[in-house]
Amino acid sequence: MTRTLSCSLAALFSATTAFADAPKVITDFGPTQGIVARVMDGVAVPTALLTGTDTPHDFALRPSQARDVSNADLVVWIGHAMSPWLEDPLENLGADATQIELLETEGWTLLANRDEDGDEDDHDAHDDEHDDDEEHAHDDDHDDHEDDHDDHGDEHDQDDAHADDDDHTEDDHAEHDDHGHGHGPNDPHAWLDPDIAAVWAVMIADALGKIDPDNAAVYASNAAAFGAEMTVLGDEISATLADVAPDTLLLSHDNMQYFEVRFDFEPAGFIAETDAAEPGPAHLREIRDLVAEGQITCILSDIETNPGTLAMLRDGSDIGTAMIDATDSAGAGYAGMMRSIAGALASCAS
């Protein structure tokens, strides 16, 4: 028994030493942390700056997190378009760390943002334009949107406070157009395609191997295994969605383009076109008409969905709802998050 105890203590000491010597890795939020954690499995656990219901759009580092960034060996983040609040801390605090801005990497296809005008017909037309590689047709519209966003900065602050009011109605939206969080000309939600996540894992493993050569083989093996897992996961999600009619589902906002392209899943539309945006009254009336006509069978919400807006859209109907957790606020891990999304879409449709 003494020998067994001694062996156990030696193994524990060895594992503790390995973790102590492992690179200190910081990630921006749940999906990134999930991918990096899989690559580092058996070596160490990366830290996510955003946890729970924090959103990657507007965030300020706490002092302890600033210290973590300054002590990091590697920082992996989606990029400025998704987490602009992290750019200055990385420049000022994380200058000595290796940094991977995933949206700037190669080996996968970056999609252009779709029109943010709330018009579903225009949304369909843009899809056709996208197929013809006319990706820059909306740049001027985006510039106009950014100008509007700047002009309405004060109104946006009021919108954030208004978003907490569960009792507002259509009329309350009359002074609020879509001027939520702008991402720039390209769509940053690329983690919602498991094939892209697999490409990122290889890049992350390569960077870790250079920082920590002793564990380079472990990182490479984990990344390869993750890639195989993503192939299986993709097939699993396709099977889950096989009998789902996506054109009867309404999403909270236009953040699922990569998922839609990967799984050929085009929803009926969106409550709001951009993150953290308040939809206009005309758009809400269109949605309510679709609900009344039975063309929308379920509405998908997320942590940014205004409960009052959701209640207003469902008022007088028995339409279903389901929650999508595309930022892994539940800490399910990357594969768990993707399965949860697919399951929510399937259950909502049924």
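Along the sequence shown, residues carry numbers from 1.
With contacts defined as side-chain heavy-atom distances shorter than 4.5 Å, the pair Ile296/Leu249 does not qualify. At a threshold of 4.5 Å between non-hydrogen side-chain atoms, the residues Arg314 and Val291 do not count as touching. In this structure, the side chains of Ile196 and Met230 stay at 4.5 Å or more apart for every pair of heavy atoms. Annotation: side chain of Leu241 is in contact with side chain of Phe259 (closest heavy-atom distance under 4.5 Å). Residues Ile26 and Thr47 have side chains in contact (heavy-atom distance under 4.5 Å, counting atoms from C-beta outward). Between Met40 and Val45 the shortest side-chain heavy-atom distance does not fall below 4.5 Å. Between Met338 and Glu236, every side-chain heavy-atom pair lies at or beyond the 4.5 Å cut-off. A 4.5 Å side-chain heavy-atom check between Met256 and Pro267 finds every atom pair outside the cut-off.
Heavy atoms only, all atoms of each residue included: Val43 and Ala22 are closest at CG1-CB, 3.7 Å. Closest non-hydrogen pair, Val25 versus Val36, comes out as CG1-CG1, 3.9 Å. Between Phe226 and Ala197 the shortest heavy-atom distance is CE2-O, 3.5 Å. Heavy atoms only, all atoms of each residue included: Ala190 and Leu103 are closest at CB-CD2, 4.4 Å. The two residues Cys348 and Leu300 have their closest heavy-atom pair at SG-CD2, 3.6 Å. Smallest separation of non-hydrogen atoms from Ile78 and Glu101: O-CG, 3.8 Å.
The CG atom of Asn92 lies 11.5 Å from the OG atom of Ser70; values are rounded to the nearest 0.5 Å. Here the straight-line distance linking atom SG of Cys298 with atom CD1 of Ile319 works out to 6.5 Å at 0.5 Å rounding. Residue Ile271 holds its CD1 atom at 5.5 Å from CG of Leu313, rounded to the nearest 0.5 Å. Within the model, atoms NE2 of His189 and CG of Leu192 stand 7.5 Å from one another, a figure rounded to the nearest 0.5 Å. Atom NE2 in His253 sits 7.5 Å away from atom OG1 in Thr305 (nearest 0.5 Å). We find the CG-CH2 distance between Leu61 and Trp85 to be 5.5 Å, quoted to the nearest 0.5 Å.
Remark: the backbone N or O of Asp212 is not paired with any side-chain donor or acceptor of Asn215 at under 3.5 angstrom. Side chain of Asn113 to backbone of Asn186: a donor-acceptor contact under 3.5 angstrom is found. The backbone N or O of Trp191 lies less than 3.5 Å from a partner atom in the side chain of Tyr334, making a donor-acceptor pair. In this structure, Gln33 contributes its side chain and Pro46 its backbone to a donor-acceptor pair below 3.5 Å. In this structure, Gln65 contributes its side chain and Arg62 its backbone to a donor-acceptor pair below 3.5 Å. Ser347 places a side-chain N or O within donor-acceptor distance of the main-chain N or O of Gly343, the cut-off being under 3.5 Å. When atom types are taken as modelled, the side chain of Asp302 and the backbone of Ile324 share no donor-acceptor pair closer than 3.5 angstrom. Put simply, the side chain of Asp328 gets close to the backbone of Gly331: a donor and an acceptor are under 3.5 Å apart. In this structure, Gln257 contributes its side chain and Ala112 its backbone to a donor-acceptor pair below 3.5 Å. In this structure, Asp325 contributes its side chain and Ala330 its backbone to a donor-acceptor pair below 3.5 Å.
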Point to revise | From CA spacing to verdict: side chain to side chain contact (heavy atoms under 4.5 Å, CB included), Leu345, Leu251 | key: CA-CA 10 Å; Leu345 292 170; Leu251 302 185; 4.1 Å; yes
Review point. Please walk me through it: do Thr27 and Thr32 pass side-chain hydrogen bond (donor to acceptor under 3.5 Å, both in side chains)?
Key: CA-CA 6 Å; Thr27 64; Thr32 318; 5.8 Å; no
Practice item. Start with the C-alpha distance between Asp41 and Arg38, add both sets of side-chain angles, then the distance that settles side chain to side chain contact (heavy atoms under 4.5 Å, CB included), and finish with yes or no. Key: CA-CA 5 Å; Asp41 187 32; Arg38 182 64 185 88; 3.9 Å; yes
Point to revise | Residue pair Leu49, Val69: steps toward the side chain to side chain contact (heavy atoms under 4.5 Å, CB included) verdict | key: CA-CA 9 Å; Leu49 295 174; Val69 172; 4.2 Å; yes
Exercise for review: Tell me, with the steps shown, if Ile100 and Val75 meet side chain to side chain contact (heavy atoms under 4.5 Å, CB included).
Suggested key: CA-CA 6 Å; Ile100 301 178; Val75 178; over 6 Å; no
Review point. How far apart are the C-alpha atoms of Trp200 and Trp108, what are their side-chain angles, what is the distance that settles it, and do they pass the ring pair (Phe, Tyr, Trp, His ring centres under 6.0 Å) test?
Key: CA-CA 9 Å; Trp200 287 352; Trp108 57 282; 5.6 Å; yes
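Salt bridge absent: Asp73 and Lys24 never bring a charged side-chain N and a carboxylate O closer than 4.0 Å. Arg114 has no carboxylate O lying under 4.0 Å from a charged side-chain N of Asp187, or vice versa, which leaves the two without a salt bridge. Between Asp289 and Arg285 there is no salt bridge, since none of the side-chain N atoms of the basic residue sits less than 4.0 Å from a carboxylate O of the acidic one.
In Asp243, the CG atom is not crowded: 12 or fewer heavy atoms of neighbouring residues, nucleotides or ligands sit closer than 6.0 Å. Counting heavy atoms of neighbouring residues, nucleotides and ligands inside a 6.0 Å radius, atom CD of Glu106 does not exceed 12 of them.
Linking Ile, Leu, Val, Met, Phe, Trp and Tyr whenever their side-chain heavy atoms come within less than 4.5 Å leaves Ile303 and Phe29 in two separate clusters. The cluster map of Ile, Leu, Val, Met, Phe, Trp and Tyr, joined by side-chain heavy atoms under 4.5 Å apart, puts Val202 and Leu102 in different clusters. Connection of Met323 to Phe270 is not established within any shared hydrophobic cluster, with ILVMFWY side chains joined at heavy-atom distances below 4.5 Å, either directly or through further cluster members. Residues Leu233 and Val261 are members of one and the same hydrophobic cluster, defined by side-chain heavy-atom contacts under 4.5 angstrom among Ile, Leu, Val, Met, Phe, Trp and Tyr.
Shown are Ile204, Val39, Ile211; of these, the side-chain contact (heavy atoms from CB on, under 4.5 Å) with Tyr219 is made only by Val39.
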